[in-house]
Structures are given as C-alpha cells and as structure tokens.
Amino acid sequence: MFGFVHSPKQHWSAILSVLALSVAPIATIAQEASTNVLDLEFLPPEITPTRICVPRAPDADTIAAWENWDGNALPNIEPSLIKRDINRLQQIDASYWHETIELMITRLAESDDGYAGNNALMARISAMIAAGKFEELRSQQLVTQLAADEDLLSPRLKNALSGYFRDGVGVDRDIDRANALLVDAGYSGNADALLALTRLELSGKGIEGWDVAPELAVTMAFGSLVGELDPSICDRVARIAREYNSGEIVKHSPQLAHDWFRFAADLGDSNSAWKIVEYHMLAENFEKDNDVLIQYLTQASDAQLPYAQIALGRIFETGALVERDLDRSLQLFRAAARSGLRPGLTRLALFLEAHGDRYPGTYNERIAALHKLAELDDVAGWVFARLAEDVYQREGRWAGQEQAVAYLERAAELGDMDGSIDLALALVAQRGSPQDFERAVDLLSYSVSALGGGTPAKLLHGVFMCQAQDSPRIQEAQYWLDVERATGTANAEISARDLIALDRKDDALTIALIQSQALYGRAKAMASYLKYIENAPETTPAMLEFWRDYSNQYTSVLEALADLEFELAQNPSERVVAFDLLRKEYQQSGAPAALALAQAMIDYQSDASFSTDEVRALLEVPAYEGQGAAMRLLTALDTDEESGRRVFEQFADVIEANGDFDALVFAIPHLDVESRINYLSRAAGIIPCDYKNVMAMSRLYLEIGDTEKALHWMGIAEYLLEENPWTMVDLARTELDILGMEAAPKAMDLFERAAALGDTNAPKGMFDLLVTTDAETYDPERAAGMITQAMDDPAHAHLTRFLGVYRGANDDAKAEIESRLDMPQVYLTAANSGDVFSMRAYALHLRENAANNAELATSTEWLERAAEGGDTTAMAEFGYALAFGIGTEANLESAVSWLERAAANGSEKAATITALLNISEDT
C-alpha cells in the first residue's frame, strides 16, 4: 500500500513526509513563469507489475450485459465495476441508457449502504446532466438536496457541488458558494479540487482563502491520486499521465506521461497500454522502442480493445515490426469487428477484399461486414460503392441495375469518388431522360474538378463522343479530351522495346509520366514501369521489391506484363515467360484473365499442343461472366454455320443479365426486332469509346441492314483515329466498301494521312483511287509519278503493289500511265526486285521487240524465271518457246511438261499448243 488518508489543512507537513517516503522523489519544483505551468517531476513508484486492475470490458460486451437486464437484481459482480459500467454507458449514449442507469443506481443503493444516500444522489445528478435533462434536474431539485447536506459531504462531492453552483447547473449560480466549496474540498485533499485551485492560481484568478503554493498543491493532488493500491488505482494514476500530456498545470512531458501510463498498464489497465502504444507510434519528442510498442499493443489487444486489435492486425498484415502473419491479422480484425464499430468492420472488409485470393471462402463474410457498416450513422461512401459492386457481381449489370443504382446514390451522396463515377456511368447506360444524362455529366465533372480525378475526364470524352443519345457532341468531347491531355492523365502508349531502351537522363519526362500513371493504379502503366525498372541500370533491389509489391494490389498487371513479354519474344521458349504470367493472373483473378490466356493459346498454338477442349474450358469461364469476346472465340472454335447460334443460346440468359458491350453486339443478330432495340440501346450506353468498338457497332448495323446507322457510327469513328495509321486505312476501305466511289475523296485523304505516318498499305490504296476512272480522285499523272518514285526506292516494296493495281485498271487509265512512263524499264526494275508478273511482262516486251538473238534469249530467261515463280501465263509462254526454240534450244519434252502445268492451271493457250504438239507427234 502507498499513499495517504485525506487530511485537513493543519496536517500538510505530515502528509508531505509520507509522500517523500512512498512516492518517487520530486526532482524539481519550480514554477515556469513564462508559460504559467509547473516544472514538476513526479515519478511513478517502482513496483513489480501486478494485475490488480480489472480491464474495462469492450463496449459491445458492456452493452450486451445491460441491454437485456430486467431491472431487478444486479449481476453478481463487484459494485465498483457496476459504477464503471454506469459511467461507460453514459459516455456511449447517455440519453438512450438513462432509464437503465437510473435502475442500476437504485439497485446499487439498495445493496450497498456505502453507496446509498448522497453518493447515489450524485450519480443520478451526473446521469441527468450527461443525458441533457437540465430542466428535469432543476424541477426535481436534486442539486438542492445534495447542497442541504453540504457539511456532511465527502471532498469529492463538495468539489462536484462547487461546479454545479459555479455553472448554475440544477441551481441558481452562486460563485461565492462555489469558491467556498472548492477551497473546502481542496483543504480536504480532493485531487480534482487541488488541481482546479492550482489552475486558477497559475492563471492569476486565485480564490480568496486558498494559500497553498501551487507546487505543493499539485504534489498533494498527485499523491492523492496514487493513494491505495486497489483495483481503481489505474483510473486514478491515468489522470496524472493526462496532466503531463496536456501541459495545462505541469510542464508538458511525453516521457512522464508515458511512464505513468506504463505504471497503470503494468497494473493491468488496457487503456493505458494503448496510450503507451500511441506514444511509441507517434514518437514525438519521445524515444521509440518497438519492443515496448509490441508488448503493450498485445496487452491492449488481448483486452479486446478494437483499435488495438486493428493496429496489431495491421502490423501482422504488413510485416513491419514482426514476421508477416495474415492468419493472425484476420483473427484480430474479426475480433475487432465483433465490436460492431466502424473501424473494426472497415478493416475486416478491406482485409478480405485485399486478400480474397488467399481466403476464397470469405466473400460472404466481407459483404456481411459491409452491410453492417452501411447501418451505422458514420458510414463512409465507399461502403455503398462496394455493395453496388456486389449486386452487379451477383445479379449482373442489367438485372441488378436498379438495386445497384440505389447503393450508388448513397455513395455519391456521401462524396465517394468511385461511387459517383459508377453512378454517372449507370445513369448514362440507362439512356433515360436528358436530366439523368446531365446529372451524370455533373457527377463526372465534379470528380475531375473537386476531387482531382483523372479517369473521369477520359470518361466524359467517351460520354459526349459515343454514349450520349445525340452523340457525337464534338465540342464537349474535345474539351474533355484536352483536359485529359493537359493534366497528363492520357494513357502513355509506348512499345516494349522502347520501354527497355528508355534513358533516365534523356527520357525523364516519359519515365515520370509512366510512373505517375502507375501510381494511379493503371495496369498497363504499372506493367510498363515495372518493365522499365527491371532493365534500368540505376534500379535497386528495394525499388524493384516496392513496385512489385505495389502492383500486387491491382488486377490485370500480370496480363499487361504478359503482353509486353509476347511483344519482346522471338521464339516459343521466350514466350514461356508470358504464358507463365497469364497462368498466374488466371489463378489469382479467374474469369478476367481466362480470356487473355485462351487468346494467347489460340494465337500461339504452334508453340505447344493446346487442346480445343482446354481452350473451350478456359473461354467458358469469362463467357459465363458475360464477356462477349470469349463467346466469339468459342464460336470460332467450331467452323460450322450454326456455331454462332449455339453459343448464343448457351449464354442468352447470361447476356440478358450481365452482357458486356461485346456480348450485346454478339447477341443482336440472333434477336427479334423488338429485342434488338433494347440491346442496341444498352450497347450504345456502355460502348468503350475507341475506334475498334465504334467500328464494331457500325459493322453490326450493316449486318442487320441499317446502313444509315452504320454510317453514323462510322462518322464517330473518324474522330477516334488518334493518328493511328492502321485505323485510317481501315476506315478508308470500309467507307469505300459501303459508299463506293462517293467516298473516294475522304478515303484519299485518310490514305494520304496514313502514308505520311509510315503505313505500308496506304500508298496502294492511294494508287487504286488514282487509277479508278469514275472516281473524283482519278489522276493517272500522279499515279505515274508514284510508280516513278517507287522505282527509286531500293526495296521496290510499293512498285510491285502498284503494278498489281495497274494490271486490273481500266484500259484508258493504263494508256494514260503508259504514255508517261518507260514501261519496259518499269517492268525490268520490278522484275529485278522479284515480281513475277513484271518478269513475264518484261520478257514478252523483249520478245516482241528483240533486235537480235541475245535479246530474244534474255526474253526466254525471264519467262523461265516467271514460270518457276508460278505465273501460269509465263508457263505457257515458256513452254511455247521451248517447243519452237525461241531464244533457246528446242526441248519438246520439257515444253510439254510446262504446257501441261499451265493447262492444268487454266491456260487455254497452253492446252491448245499441247494438243497441236500431240497431233504433230502422232503424225
């Protein structure tokens, strides 16, 4: 035991003598005038840790113990613990628990004579004040009843009564009486009164009749708080710790506050153990000790403090101070969640979301935690966004739309950015009223401007360009495209080979852009940055470990890495790395990665023996998730005409409930007219706004016979070319197929733009339009110029293609071109580059215009090369030359062989000559 008994004023010297022996000595007692606080060091006693304090039960247990209490007999527990429960219930919700607290006070007074009378009266007054029942308190005159026994009151009650008179609570305000009571309580040794009087003294508002030096009063107060070594000591000494922490009376000292909290923790107080943890976590003006932190954090956690369980769970989850142990983390988070409070439920839900692959059977547990969070008053918006995701996953994007939108409305109302974006996309997908569309635009715009979201700018471009019912709205779409580019959030497209060649000095801006987008969580950017740092000479193992760990938080990163590996691979053995990445992604993510793995198996089926059954099994996983791309590949696995219909019928219900854009496009040709209207609207509402998908929509309309709508979507595609030459060539050819020569001027412009960007197919498209006589673009002079230019190219890649088009051109166009060129020289140039047609054409020209036997022999040599190259006409002409010895020695046997090959390929001339030779031979 240590401490003292409350003593009147005349016994102060004796009290100080006891303190000097029982409490650690006072090292310094000096008032700090500049800050009006005392520089006083009051140390805790050195004792052997003994669990004498009973830890307070978790709130959930306290609530459970009293919410079904019948109000009759008290539970068989210590009265001091019942008093503590009364105080805690007041802190949790004083109004809600007021009637229960009144009954608890009554039953406690009946069973404990020491509590009856003024102590119970004081408890009732405190309960009414906590519940805000001030008028009722005054009308019942409970404070007046307490004041009537003023002389008999304990120092604690006198101090409380002083406060009531000072603040006018339950009685008329009376400062003089309040001061007298406070001084009396102070001289009687009440710690609260001593500290209150000292605070007034230090602030220059000392009370008349109080003449104890501040340092002495505080020493007395702290000594009083230490008092007896009984189960309530922890609550008392924690007050000393709080005084050193606040620095209002004694000088702020994190170390002393920590030491007093540690003293209480060692006596069994779990809340003080948590306070120690806070000091070591913050480590502000305080030397951190991780071993001490873990020791007391474990103590607080074992006492079922939810915030301690969460903190310890996070340490085990990250492996920051202890060996990583996810099972232990889950156990702690589950324990914290049992409190029913937001922090515990939040951490459990997020943990199960992050580690769902490790705990595959816990999905329903996570959703249950989200539903409990949704019922709380302080719920965050992300909870409703996650619940909407659950609805979409269970019911499908179309079947669950109504319920999901209701959740998303709550998420947006609470300011959650992801929920706001998802709500906007859902409103656009519904393609309802103009008001819904404008609200969607407002939500996305707010996400860009107020919340700093980069993705919404890209989405807004797509909304105005593709998804609005009156799309394309070019001006608005262009504005948001410019915003995306200006903020540096547009996707950085860079090849795998360029990635590994990036130089930190020369390409700093590009590297920074990829890194920024990786931090946004974009899978392709994450993969690109990982590939860059894997090859960068300045990369450290720590950097690589950080980015690999960071990328593990996001899906599809391994798939994006596999795409880069496929791009870099030169042979099957190098593609093994990419396949391993896809298989790992499939194991982790399931359906989202199955499609990529199956597609790779199809694309590289020569690498290994992938069975059709294996690919089909993979594809059915995403197909049953509503992914139309998988359905199309399933259709392609069977080559018969009915495969599309069979696949549609297999997945028709899935498409109706959850079909993505590709699935809707796949299904529409198999639907009746009325159903098509609904599906076309759905497809337009969720179409990914890029060239490929917009052209898929255009071709769909062509397939169902709506040319007008096909051209509408083709017009949108023109705004999505993005300086990609392949898209320009594709759009030009598609428009020519639909509109014919009406589209020639625009097609020519597209071919020219693509050619300027280096596309190898575009020049042939240009040449074709230049030699088409019924097109506005007809220009044989320019066509002749392109041939001349192609002859100057050492590779002669375009020359052969131009001559192929030239052969099929109108005779008038040919004549115009021939008049501008030396065609024999053109043919010779092309022949030397390996063009079989030009070999034959040059050979026939030489034969027709040979001035001597040497030129005739050269002609036959070219015919032989063309024949060996597979040209049927050349075979016939070469056979003819061999038969009659034109430019070579006659060889009837060889001639017949070539002529028969030509005849078999359909050459009438060869068949006729062969017949003549056979007749001549018979004759």
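What's counted below: heavy atoms across the whole structure, side chains too, no hydrogens, waters or symmetry copies.
For NZ of Lys531, the number of neighbouring non-hydrogen atoms (other residues, nucleotides, ligands) closer than 6.0 Å is greater than 12. Within a 6.0 Å radius of CG in Asp653, no more than 12 heavy atoms belonging to other residues, nucleotides or ligands are found.
With sequence neighbours excluded, the residues that form a side-chain contact (heavy atoms from CB on, under 4.5 Å) with Thr635 are Ser643, Val647, Phe666. Under the salt bridge (charged side-chain N to carboxylate O under 4.0 Å, His left out) criterion, Glu625 pairs with no residue at all, not counting sequence neighbours.
Put simply, the side chain of Thr362 reaches to within 4.5 Å of the side chain of Arg334, judged on heavy atoms. Met695 places none of its side-chain heavy atoms less than 4.5 Å from the side chain of Leu720. At least one side-chain heavy atom of Phe661 sits under 4.5 Å from a side-chain heavy atom of Pro688. The side-chain heavy atoms of Asp390 and Tyr363, taken from C-beta on, include a pair separated by under 4.5 Å. With a 4.5 Å cut-off on side-chain heavy atoms, Asp662 and Asn693 count as touching. Annotation: side chain of Glu614 is in contact with side chain of Met601 (closest heavy-atom distance under 4.5 Å). Residues Glu722 and Tyr691 form no side-chain contact, since every pair of their non-hydrogen atoms from C-beta on lies 4.5 Å or further apart. Two residues are said to be in side-chain contact when any heavy atoms from C-beta on lie closer than 4.5 Å; Leu499 and Asn535 fail this criterion.
One finds the CD1 atom of Ile367 at 8.5 Å from the CD atom of Glu353 (value rounded to the nearest 0.5 Å). Atoms CD and CG, on Gln627 and Leu619 in that order, are 10.0 Å from each other to the nearest 0.5 Å. To the nearest 0.5 angstrom, Thr346 atom OG1 is 15.0 Å from Phe351 atom CZ. Rounded to the nearest 0.5 angstrom, Gln515 CD and Thr510 OG1 are separated by 12.5 Å. Interatomic distance, Arg645 CZ to His670 NE2, rounded to the nearest 0.5 Å: 6.0 Å. In this structure, the separation between CG on Asp442 and CZ on Arg439 is 9.0 Å, given to the nearest 0.5 Å.
Under 4.0 Å is where a charged nitrogen must lie from a carboxylate oxygen, and between Arg699 and Asp730 at least one such pair does. Contact check on Arg328 versus Glu317 returns no salt bridge, with no Lys/Arg side-chain nitrogen under 4.0 Å from an Asp/Glu carboxylate oxygen. With salt bridges taken as basic N to acidic carboxylate O contacts below 4.0 Å, none links Arg646 and Glu649. Taking a cutoff of 4.0 Å between a charged side-chain nitrogen and a carboxylate oxygen, Arg410 and Glu413 qualify as a salt bridge. We find that Arg342 and Glu375 are not joined by a salt bridge, their nearest charged nitrogen and carboxylate oxygen being 4.0 Å or further apart. For the pair Arg358 and Asp327, the salt-bridge criterion is met [side-chain N within less than 4.0 Å of a carboxylate O]. With respect to the salt-bridge test (charged N to carboxylate O, under 4.0 angstrom), the residues Arg386 and Asp418 do not qualify.
Judged as a side chain to side chain donor-acceptor pair (under 3.5 Å), the pairs with a partner in residues 573-583 (not counting sequence neighbours) are, in order, Asn571-Ser573, Arg575-Asp607.
The main-chain N or O of Leu568 is found under 3.5 Å from a side-chain atom of Arg497 such that the two form a donor-acceptor pair. For Thr539 (side chain) and Glu534 (main-chain N/O), no donor-acceptor pair under 3.5 Å exists by modelled atom type. Without hydrogens or angle criteria, Gln469 side chain to Arg431 main chain gives a donor-acceptor distance under 3.5 Å. Between the side chain of Arg676 and the backbone N or O of Pro669, at least one donor-acceptor pair lies under 3.5 Å. Judged purely by atom type and a 3.5 angstrom limit, Ser675 has no side-chain atom pairing as donor or acceptor with the backbone of Leu671. Although no hydrogens or angles enter the test, the distance criterion places no donor-acceptor pair under 3.5 Å between the side chain of Gln309 and the main chain of Phe333. Judged by distance alone, the side chain of Ser329 and the main-chain N or O of Asp325 form a donor-acceptor pair under 3.5 Å. Between the side chain of Ser551 and the backbone N or O of Arg548, at least one donor-acceptor pair lies under 3.5 Å.
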_Show, in sequence, the C-alpha distance, side-chain angles and deciding distance for Leu376 and Leu345, and conclude whether the side chain to side chain contact (heavy atoms under 4.5 Å, CB included) test is met._
CA-CA 11 Å; Leu376 301 178; Leu345 291 167; 4.3 Å; yes

*asked:* As a quick check of understanding, evaluate side chain to side chain donor-acceptor pair (under 3.5 Å) for Asn658 and Tyr392, giving each step before the final call.
replied: CA-CA 8 Å; Asn658 196 39; Tyr392 282 136; over 6 Å; no

*Please report the C-alpha distance between Arg616 and Asp638 in whole Å, then the side-chain angles of each, then the deciding distance to 0.1 Å, and finally whether the salt bridge (Lys or Arg N to Asp or Glu O under 4.0 Å) criterion is met.*
CA-CA 10 Å; Arg616 190 188 306 279; Asp638 296 323; 3.5 Å; yes

*asked:* The test is side chain to side chain contact (heavy atoms under 4.5 Å, CB included); show your working for Ile687 and Trp713 and say whether it passes.
replied: CA-CA 11 Å; Ile687 182 172; Trp713 284 100; 3.9 Å; yes

*Should Thr707 and Tyr701 be marked as a side chain to side chain contact (heavy atoms under 4.5 Å, CB included) after you check the CA-CA gap, both sets of side-chain angles, and the distance that decides it?*
CA-CA 7 Å; Thr707 303; Tyr701 273 107; over 6 Å; no

*Given Ile421 and Leu443, is the side chain to side chain contact (heavy atoms under 4.5 Å, CB included) satisfied, shown in steps?*
CA-CA 7 Å; Ile421 293 171; Leu443 287 167; over 6 Å; no

_side chain to side chain donor-acceptor pair (under 3.5 Å) assessment of Tyr359 paired with Glu365_ = CA-CA 11 Å; Tyr359 303 99; Glu365 182 182 2; over 6 Å; no

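For the residue pair Asp737 / Thr734, no side-chain donor-acceptor distance below 3.5 Å is found, with atom types taken as modelled.
Smallest separation of non-hydrogen atoms from Val557 and Ala527: O-CB, 3.9 Å. Across all non-hydrogen atoms, the minimal contact from Ala349 to Leu370 is CB-CD2, 3.9 Å. A pairwise comparison of heavy atoms in Gly685 and Val428 identifies O-CG1, 3.9 Å as the closest pair. Here the closest heavy-atom approach between residue Ser471 and residue His712 is recorded as O-CE1, 3.0 Å. Nearest heavy atoms, Ala525 versus Ile514: O-CG2, 3.7 Å. Contact between Glu585 and Ser556 at its shortest, heavy atoms only, is OE2-N, 3.0 Å.
Using cut-offs of 30° and 60° on the angle between ring planes, the pair Phe464 and Phe437 is perpendicular. Using cut-offs of 30° and 60° for the angle between ring planes, the Phe546 and Tyr550 rings count as parallel.
Of the residues listed (Phe651, Tyr679, Trp398), the one engaging Glu656 in a side-chain contact (heavy atoms from CB on, under 4.5 Å) is Tyr679, and it is the only one.
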